[in-house]
Amino acid sequence: MIQMTLIQIDNYGPWTVTPTPRAEADLQILQSELYADLQRQFAAKGGLVFFTRFDNMLAVTNGVDMEDHKRIQKSIGNRYPITISMGVGAAETPYEAQRKATNALQNYGGAQSEDRTEVLAIDGLVKADESFVQIAHIDINGITDSLTDIIPAYDTSFIVNRVQHFLMKKLIEKGSLLFFIGGDNFMSPCNGLNPEGLLKIIEEIEDEINIALKAGVGKAPTAEKAANLADLALEEIRGGFTYNLVHVMKNEE
Ligand SMILES: Nc1nc2c(ncn2[C@@H]2O[C@H](COP(=O)(O)OP(=O)(O)OP(=O)(O)O)[C@@H](O)[C@H]2O)c(=O)[nH]1
């Protein structure tokens, strides 16, 4: 079972334009600092936050309990000019877990409802003995040599965004999520997706847009361990220890 948390800034839209539109640079600083702050606090408990849309962030939070969520929520409220509400859900697939988390929060009212602040809506938490996270770290082959050092930076960004769209569209059909994490890298919480299914998606994308991908897959009880195993599996592909385009590493504990 995987646990996903939706982190939503309370009543953020109206706040950004009250009393007049706030300087965009200040909003970018706030969003970036909030993301880093949440990443640090959830990572301390083995979680992993994806910036998603910044006003709405999704995190894999296996091992992060109700008290942990409350403490993080209170800490943000103490130090920021905004507050956050959170929804938590658990399921066999990441898509279903985030759907439950979102629905739990939506039941407390709208994102811009003035009556809804610092809500913690828990649909379900993963039990320790059922905690399982599968994460794929997906990377574009040789982007530095083939694109970054060759074509204009914006054109490379366009291609990376196109790859992201194709991956999201194909992975959502398997109940998996996909997040851009920087450079030419994506992470996919993908409980329930077998390596053959991921390989098929990689092959389809190469056929459709001529972009070669590779993926390390990590399986562990927490996001932190699964992501690290995915990184190690990806390094094994880079290092030529395997010629597979999808390489899996499991938690040995
Ligand atoms: N967030 C994140 N970014 C990474 C990671 N590894 C690389 N990057 C980013 O991705 C960019 C490209 O790095 P690489 O993927 O190693 O370069 P590459 O040219 O694709 O080489 P290969 O991946 O070996 O084919 C770097 O400039 C970083 O911005 C990672 O593990 N996490």
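Indexing begins at 1, ligand by ligand and atom by atom, following the structure's order. Here the structure is a predicted model, which is why all the values come from computation and not from measurement. Just so you know, residue 1 is the first one in the sequence shown, and it goes up from there. All values below come from the heavy atoms of this structure, side chains included, with hydrogens, waters and symmetry mates left out.
A donor and an acceptor atom, one from each side chain of N191 and Q134, are nowhere located under 3.5 Å apart.
Using a 4.0 Å threshold on non-hydrogen atoms, atom 9 (C) of ligand 1 counts as touching the protein. Within the 4.0 Å cut-off (strictly below), a protein heavy atom is located near atom 22 (P) of ligand 1.
Looking at atom 16 (O) of ligand 1, its nearest protein heavy atom turns out to be R238 NH2, 3.4 Å. The protein heavy atom nearest to atom 25 (O) of ligand 1 is G142 N, 2.6 Å. Nearest protein heavy-atom contact of atom 4 (C) of ligand 1 is N185 ND2, 3.2 Å. The nearest heavy-atom contact from the protein to atom 28 (C) of ligand 1 is G183 CA, 4.3 Å. Looking from atom 15 (O) of ligand 1 to the surrounding protein, the closest heavy atom is D139 OD2, 2.7 Å. Distance from atom 31 (O) of ligand 1 to its nearest protein heavy atom, with residue and atom name: H137 CE1, 3.1 Å.
Classification of K45 and D65 as a salt-bridged pair fails, no side-chain N sitting under 4.0 Å from a carboxylate O. With respect to R71 and D68, a salt bridge is recorded, a charged nitrogen being found less than 4.0 Å from a carboxylate O. Here K200 pairs with E204 in a salt bridge; the nearest charged N to carboxylate O distance falls below 4.0 Å.
Residues S85 and V119 approach most closely at OG-N, 2.9 Å, considering heavy atoms. Taking all atoms of both residues into account, the shortest heavy-atom contact from G109 to R116 is O-NH1, 3.4 Å. Closest of all the heavy-atom pairs between L198 and A215 is CD2-CB, 3.8 Å. Pairing each heavy atom of A220 with each of A226, the nearest pair is CB-N, 3.5 Å.
Near D184, the atoms of ligand 1 lying under 4.0 angstrom from a non-hydrogen atom of the residue are 10 (O), 11 (C), 12 (C), 15 (O), 20 (O).
Of the candidates I140, L234, I181, it is I181 that places a heavy atom closest to atom 32 (N) of ligand 1.
Counting heavy atoms under 4.0 Å from ligand 1, residue I143 touches it through both backbone and side chain. Under 4.0 Å from ligand 1, heavy atoms of T144 appear from its side chain as well as its backbone.
Taking only nitrogen or oxygen atoms, main chain and side chain alike, K214 reaches within less than 3.5 Å of ligand 1. Residue N141 places no N or O, backbone or side chain, under 3.5 Å from any N or O of ligand 1. Checked by distance only, ligand 1 and D145 stay at 3.5 Å or farther apart across all their nitrogen or oxygen atoms.
Screening Y35, F42, F179 for a ring pair (Phe, Tyr, Trp, His ring centres under 6.0 Å) with F50, the sole residue that qualifies is F179.
Looking only at distances, no side-chain donor or acceptor of Q8 sits under 3.5 Å from a matching main-chain atom of D55.
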